[in-house]
Amino acid sequence: MGKFALGLMPDYVERVDGESTLGALLAKGREWGLPIVLLFSDTAGTSSMIKALSAEYRRRALIGEVKAKKYAAAAKEYEVTAFPTLIALREGREPLRFAKKPSHFNLDLFLSKVALSRPVKSKPEKPKEEL
């Protein structure tokens, strides 16, 4: 019963497996004005805890998962040496690393500090250029 229920859980985690998917995620974050949280992992699947948090913080932050075996260059670029590692990328700020034991409480606390306070419903309007 548990596996069946987990299979029905909403999953808004973006898979990052190369330069193009990372670039697309970063562009999506800029376009929508959302912070990006990258989870660097060395496991095969996505944990149910991360799936649940991706649903809870949907439209307030983008959560991307980088599998170390598929995209080692990203781990090197962000100086990731241990797994799992979470790094928050926010426009105009230094990257913020999650440095606690990964429990639902600690991850929720970290995401609540990084994510927008209200969900984004539509893309922000671009300022009109003056003629």
Side-chain angles (χ1 to χ4, degrees):
M1 180 72 165
K3 286 185 181 183
F4 174 75
L6 287 176
L8 298 176
M9 178 184 292
D11 179 4
Y12 300 104
V13 177
E14 307 257 350
R15 304 310 184 268
V16 177
D17 57 9
E19 216 172 291
S20 63
T21 53
L22 178 60
L25 180 66
L26 295 173
K28 186 176 180 181
R30 280 190 302 273
E31 183 178 6
W32 287 85
L34 293 169
I36 297 166
V37 177
L38 293 176
L39 166 64
F40 291 86
S41 173
D42 60 353
T43 61
T46 303
S47 79
S48 57
M49 183 170 39
I50 295 298
K51 288 179 183 180
L53 288 166
S54 75
E56 185 176 339
Y57 285 92
R58 182 176 182 222
R59 296 187 175 152
R60 293 176 49 208
L62 292 173
I63 299 177
E65 184 174 32
V66 181
K67 297 294 184 186
K69 291 178 184 173
K70 288 187 178 180
Y71 190 25
K76 187 175 181 178
E77 179 182 341
Y78 289 99
E79 300 174 357
V80 174
T81 57
F83 303 100
T85 295
L86 271 96
I87 299 175
L89 307 173
R90 300 167 295 167
E91 194 71 34
R93 296 185 185 172
E94 287 292 316
L96 181 64
R97 289 178 178 268
F98 175 78
K100 295 185 178 182
K101 183 179 180 190
S103 67
H104 188 276
F105 177 80
N106 287 338
L107 290 170
D108 186 43
L109 187 63
F110 177 74
L111 289 171
S112 69
K113 291 178 182 177
V114 171
L116 301 178
S117 57
R118 294 203 167 118
V120 173
K121 301 285 184 188
S122 61
K123 292 180 190 175
E125 288 186 29
K126 293 181 182 178
K128 295 180 182 177
E129 293 182 32
E130 294 185 35
L131 298 174

Using side-chain contact (heavy atoms from CB on, under 4.5 Å) as the criterion, list what pairs up with [X], not counting sequence neighbours.
X   : answer
T21 : V16, D17
P35 : A61, R90, V114, L116
R59 : P119

| Taking C-beta and beyond as the side chain, do R118 and R60 meet within less than 4.5 Å on heavy atoms? | no
| query | Within a strict 4.5 Å, meaning less than it, do heavy atoms of the L39 and T85 side chains meet? | reply | no
| Going by the ring pair (Phe, Tyr, Trp, His ring centres under 6.0 Å) test, which pairs reach into residues 89-109, not counting sequence neighbours? |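 Output for this query lists F98-F110.
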Hey, what do you get for [atom1] ([X]) to [atom2] ([Y]), rounding to the nearest 0.5 Å?
X    : Y   : atom1 : atom2 : value
I36  : L62 : CD1   : CG    : 5.5 Å
S122 : W32 : OG    : CH2   : 6.5 Å
L111 : S54 : CG    : OG    : 10.0 Å
L53  : S48 : CG    : OG    : 9.5 Å

Joint hydrophobic cluster, [X] plus [Y], side-chain heavy atoms closer than 4.5 Å:
X   : Y    : result
F83 : L107 : no
V66 : I63  : no
L22 : I87  : yes
F40 : L89  : yes
L96 : L38  : no

Please enumerate all residues that pass side chain to side chain donor-acceptor pair (under 3.5 Å) together with [X], with sequence neighbours excluded.
X    : value
D42  : none
T43  : S41
E65  : T46, K67
S117 : none

| salt bridge (charged side-chain N to carboxylate O under 4.0 Å, His left out) pairs, two or more places apart, involving residues 95-109 | none
| task | Could you pull out all residues at least two apart from E31 that satisfy salt bridge (charged side-chain N to carboxylate O under 4.0 Å, His left out)? | result | K123
| Which residues share a salt bridge (charged side-chain N to carboxylate O under 4.0 Å, His left out) with K76, sequence neighbours left out | none
| message | Clusters formed by hydrophobic residues whose side-chain heavy atoms approach within less than 4.5 Å: which one holds Y12, and what are its other members? | response |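 For Y12, no cluster forms, as it stays isolated from other hydrophobic side chains.
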| What are the two closest heavy atoms between S112 and L109, and how far apart are they? | OG-O, 2.7 Å
| said: Run the side chain to side chain contact (heavy atoms under 4.5 Å, CB included) test on R15 and V13 for me, step by step, so that the C-alpha distance in whole Å, both residues' side-chain angles and the decisive distance to 0.1 Å come before the verdict. | reply: CA-CA 6 Å; R15 304 310 184 268; V13 177; 3.2 Å; yes
